[in-house]
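Report on the structure given below.
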Amino acid sequence: MRKFHRFLAFTVALLILYLVYRYSFQVDSDGHYLFLKPLEATGSGSGRGYLTLLQSADGNEGDDTRESPADPKRLVNLTDFRFQIGNDICKENGSFSELLGVILVTSYVGNDALRSAHRQAISQQKLISMGLLRIFSLAAIPSREKFMVQKAIGDEQRIFGDLIQGEFLEAYRNLTYKHIMSLKWGTEHCRKAKFLIKMDDDIVYDPFYIQNYLSDLDSHQKPEQRYLLAGFTFTNKKVIRLKANKWFVSRDEFPADVYPPYLSGWLYITNQRTARELVLQSERTPFFWIDDTYVTGILAERAHIQLTSLNKWFSANSEFLDCCIRDMKRFSYQCDYYVGPNGGNQRLIMDFVQELERCYDNACYQRPSGKPLTKTCVAEYRNHGMQDHGTAMVSMMRL
């Protein structure tokens, strides 16, 4: 009988210990236990400790940069960052809190015509009905702008409510600030949106295909697939050392001879966890002015985030998108590409999306294998003297 009592007491004690272990400690969103370490002797008197993530199940030791919050006043190496125009559209509208994705369009402050083209191509209301939301990211008006005043930007915001604007000046070498600002806003002000789509304002894209892609990605994404960075992937891109070239980079700016793999800034897709990590890494990594190389290459490499190639989505030739519009109208053929430049023609942004909507509503047909764009569109683009048509040879473009 004594043995039975001892066994019973031992079993009860084990059960109590398990329950204490199981329910007394906080867990993060992935189910990992968080333990509070002793306070650091900082003398600040704040009374706050810090949380350390236990080693994750995949064997990689979690570091506190992946869970610590970003500094709201820091933007890369700017330590007193402020929004000249802020935007709490996701917080102010409960219906936007569970968005499928936020489209972050980096736009030159003077490109009001391009922003208008995007709004005419597909309205904010239509995007919201698809689970998407669009925001344009601007910087402060530079002194060289003679025909753009801040009042006009304020009026644009009052009418459309889809702008954010940082206090740093618009400049080609400030694109990194705008890029990180966009991700920072998306993670802080629309944190319940599942995906973030970063794109440039002179890019033509298929919002209907991207919505279907994100919906499918969301329904099939596995818990262990924590990070996402998908777009047109560049690999083995050499650093340009010729001083006469506008892409010249000194060894002080970037010492290696080859950039890490990175995504084109034309358009790429990420998720909240990845965007937060990139923003955090930017606070600990020296500034670099080529924004897509810095954000999706240097920062992603430091964070050990793998890139996903969507290269087949992209065409570097706006002429192909013109031909797609022609063939959607004539033959109801689906377009072979989902992303490309507007070629300086803002009308192309509107025509492409509006024709796509008609095409999707009326069930366009897949293009016949014997009539690829590379053959049927030859007369349209041959005079441009470009090589490797249909291959996305994406290069950064001046604002």
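Basis for what follows: all heavy atoms, side chains included, without hydrogens, waters or symmetry-related copies.
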Any donor and acceptor pair, going by atom type alone, linking the side chain of Arg241 with main-chain N or O of Ser250 inside 3.5 Å? yes

Flag yes if more than 12 heavy atoms outside Gln354 fall under 6.0 Å of its CD atom; otherwise flag no. yes

Any ring pair (Phe, Tyr, Trp, His ring centres under 6.0 Å) pairs touching residues 344-366, not counting sequence neighbours? Phe208-Tyr360

If I take atom SG from residue Cys323 and atom OH from residue Tyr337, how far apart are they, to the nearest 0.5 angstrom? 10.5 Å

Taken in chain and number order and not counting sequence neighbours, the residues that satisfy side chain to side chain donor-acceptor pair (under 3.5 Å) with His179 are Tyr268, Asp291

Tell me every residue that passes salt bridge (charged side-chain N to carboxylate O under 4.0 Å, His left out) with Glu188, counting only those two or more places apart in sequence or in another chain. Lys184

Which residue pairs pass the side-chain hydrogen bond (donor to acceptor under 3.5 Å, both in side chains) test when at least one of the two sits in residues 127-140, sequence neighbours left out? Ser137-Ser182

Output every pair passing salt bridge (Lys or Arg N to Asp or Glu O under 4.0 Å) with a member in residues 203-212, not counting sequence neighbours, ordered by first then second residue. none

Just to verify, what does Leu348 make a side chain to side chain contact (heavy atoms under 4.5 Å, CB included) with, not counting sequence neighbours? Val204, Ser318, Leu321, Asp322, Ile325, Asn345

By side chain to side chain donor-acceptor pair (under 3.5 Å), which residues pair with Arg358, not counting sequence neighbours? Glu355

Please list, chain by chain and in numerical order, all residues satisfying side chain to side chain donor-acceptor pair (under 3.5 Å) with Arg347, sequence neighbours excluded. Asp351

Considering residues at least two apart in sequence or located in another chain, which fulfil the salt bridge (charged side-chain N to carboxylate O under 4.0 Å, His left out) criterion with Asp80? Arg82

Under the side-chain hydrogen bond (donor to acceptor under 3.5 Å, both in side chains) test against Asp162, which residue among Gln124, Gln157, Arg119 passes? Arg119

What residues form a side chain to side chain contact (heavy atoms under 4.5 Å, CB included) with Lys151, not counting sequence neighbours? Val149, Asp155

Go through the structure and list residues passing side chain to side chain donor-acceptor pair (under 3.5 Å) with Asp71, not counting sequence neighbours. none

Scan for disulfide bond (SG atoms under 2.5 Å apart) pairs involving residues 325-361, sequence neighbours excluded, and state none if there are none. Cys324-Cys335, Cys359-Cys364

May I ask you to decide if the ring planes of Phe81 and Phe83 are parallel, tilted or perpendicular, using 30° and 60° as cut-offs? perpendicular

